[in-house]
Amino acid sequence: MGDLYLDIIIKNGTLVDTTGCYQANLAIKDGKINAIFRGNKGLDATRVINADKKLIFPGIIDPHVHFQLQDLGKIISTDTFASGTQAAACGGVTTIIDFANQTRGISPLKDFNERKKNADPQVAIDYSLHLSKTDMEYLDEIPTLISEGVTSFKFFTTYSWRNLDLNDAELLHFFREVRKYRGMVMGHCENDAMVLNYRNELIQEGKTEPIFHAHSRPHIVEEEAIQRVLLFAKKTGVKLHLAHITTKQGSDSLFHAKQHGLKVSGETCPHYLLLNERAYKGPDGYLNLMSPPLRHAKDQQALMRRIKDGTIDQIVTDHCEFSRASKGNGKLPFHQILNGIPGIETSLPLMHDLLVNKQKLTYPQLISLMSTRPASIFGLYPQKGSLMVGTDADIVIFDPNLKKTISPEILHYSIDWNPFMDLKVRGWPIMTILRGHMLCESGKFIGPQNEGKFLKRSISQLNGFNYER
Ligand code: DUC
Ligand code: ZN
Ligand code: ZN
């Protein structure tokens with residue numbers, strides 16, 4: 001059978017990419033998509049999968065996750081790169097981008113190398129890293145980082161109490177340097193002084209329950225910071241990506257910036273679309289703290305409009321998993337509770353149910369938001385984010401009619417709680433394939449545990465835009 005003998009043939013499925021949905025068979029050989037064809041063609045394979053009434057998606061890409069989060073050198077989140085990437089695979093995710101966080105005063109190259117060394121032996125799916133820049137030292141390492149495949153540089157406008165923020169002068173200087181080397185910046189945008197001010201007022205008034213986390217970071221906190229960094233991006237010409245937009249005002253600012261021709265993109269997360277401030281009430285309210293905080297129905301409707309009109313480019317999870325104990329078991333004031341919730345395993349089924357089943361977006365729109373745009377924004381397309389012959393065979397087989405109720409028991413996280421507890425969805429991934437390796441089948445991780453590889457990204461076509469020379 002020679003070259004024509006294939007590893008996997010997926011028959012009778014409906015393939016989905018950004019151009020449309022079409023009935024075809026897909027063949028995999030040596031980790032790549034080898035053929036897309038109709039009929040029989042006399043091909044044979046080690047495994048033939050009948051995907052009748054199933055959808056075939058390119059692997060989901062989540063370019064904003066925090067596995068094995070460290071603070072001051074200590075791991076504080078509950079997952080590891082191993083457990084996190086296995087849960088991701090069970091949710092149909094085949095590529096993540098995590099972060100190497102620069103420790104102030106330390107070489108970011110060193111932080112990057114350590115983070116990579118840590119992740120490499122553990123990852124079940126492919127991954128890349130953004131570099132979070134926390135001071136003005138070592139800006140001269142940017143070109144070396146870019147040549148190592150780190151092309152996106154994160155900044156924070158807040159978290160001064162954790163030494164993560166850059167001030168305005170630093171931001172402008174940092175943007176100019178990244179622009180010089182043709183990279184892109186990605187921002188967590190909240191006004192630090194306002195957060196501190198609101199927070200102190202609330203604490204002085206004895207208002208320390210979880211709901212006051214949201215009150216300490218009202219809409220203006222996000223709106224101001226987004227508008228400021230957009231101005232800085234305009235001034236310096238750097239490509240800018242806005243992380244986790246939560247407000248109507250933030251998404252409107254992105255819309256106007258795009259209309260004015262800025263090289264800018266933006267994202268939101270399933271929790272901002274599905275949960276609101278009410279999730280901070282009740283005995284488990286403390287678990288749902290993240291930043292920026294959950295908002296109101298009006299914001300959810302506005303975000304949905306900006307998804308539909310193409311302003312919001314991608315859906316990411318900002319996955320950051322903590323146990324009840326590490327969140328303080330409900331005994332801490334809001335400003336001492338660790339921020340972050342899990343989301344990576346449920347993002348595809350939740351977004352399929354919300355965006356396709358309920359909001360009537362098309363399957364190509366869903367795949368654009370969760371695979372193709374993330375790949376193209378961060379320089380992974382077309383190797384990732386497409387179903388094209390010759391590209392990586394990262395595939396999700398999705399049953400659009402399989403019904404599930406979200407609960408910790410059906411998920412692969414290492415925690416006993418979930419922010420989307422008891423939500424019912426129709427549609428669930430039933431197989432996940434990474435470069436031809438079957439990783440998950442029928443809700444179980446069955447694949448090789450460390451088949452994942454580091455993806456070196458290149459600056460050409462980052463954000464879907466080229467810098468003019
Ligand atoms: N906020 C962040 O900025 N990072 C991780 C999780 C969170 O809630
Ligand atoms: Zn953030
Ligand atoms: Zn984050």
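Whatever order the structure lists ligands and atoms in, that order sets their numbers, starting from 1. For this chain, numbers begin at 1 and follow the sequence in order.
The shortest N or O to N or O distance between His188 and ligand 1 is below 3.5 Å.
Sorted by chain and number, the protein atoms of type N, O or S within less than 2.8 Å of the Zn ion (ligand 3) are His64 NE2, His66 NE2, Asp318 OD1.
Taking the six-membered ring for Trp and the full ring otherwise, Phe398 and His352 have centroids separated by under 6.0 Å. The six-membered or imidazole ring of His66 lies near that of Phe99, with a centre-to-centre distance under 6.0 Å. Between Tyr159 and His188, the gap from one ring centroid to the other is short of 6.0 Å.
Nearest to atom 4 (N) of ligand 1 among the protein's heavy atoms is His66 NE2, 3.8 Å. Scanning the protein heavy atoms around atom 1 (N) of ligand 1, the nearest turns out to be Ser291 O, 3.0 Å. The protein atom (non-hydrogen) at minimum distance from atom 6 (C) of ligand 1 is Asn339 O, 3.5 Å.
Shown in contact with Gly340 at under 4.0 Å from a heavy atom are these atoms of ligand 1, numbered in order with element: 6 (C), 8 (O). Each of the atoms 8 (O) of ligand 1 lies under 4.0 Å from some heavy atom of Met290. The ligand atoms of ligand 1 that sit less than 4.0 angstrom from a heavy atom of Tyr159 are 1 (N), 2 (C), 3 (O).
There is a side-chain donor-acceptor pair under 3.5 Å between Arg457 and Ser128. Inspection of the Gln122 and Thr85 side chains reveals no N or O donor paired with an N or O acceptor under 3.5 Å.
In this structure, CD in Glu267 is found 12.0 Å from CZ in Arg373, a value given to the nearest 0.5 Å.
Summarising the geometry of Leu254 relative to Gly266, their closest heavy-atom pair is CD2-CA, 3.8 Å, with the distance given to 0.1 Å. Summarising the geometry of Ile410 relative to Thr405, their closest heavy-atom pair is CD1-O, 3.4 Å, with the distance given to 0.1 Å.
Looking at Asp79 and Tyr413, their side chains never come closer than 4.5 Å, going by heavy atoms from C-beta outward.
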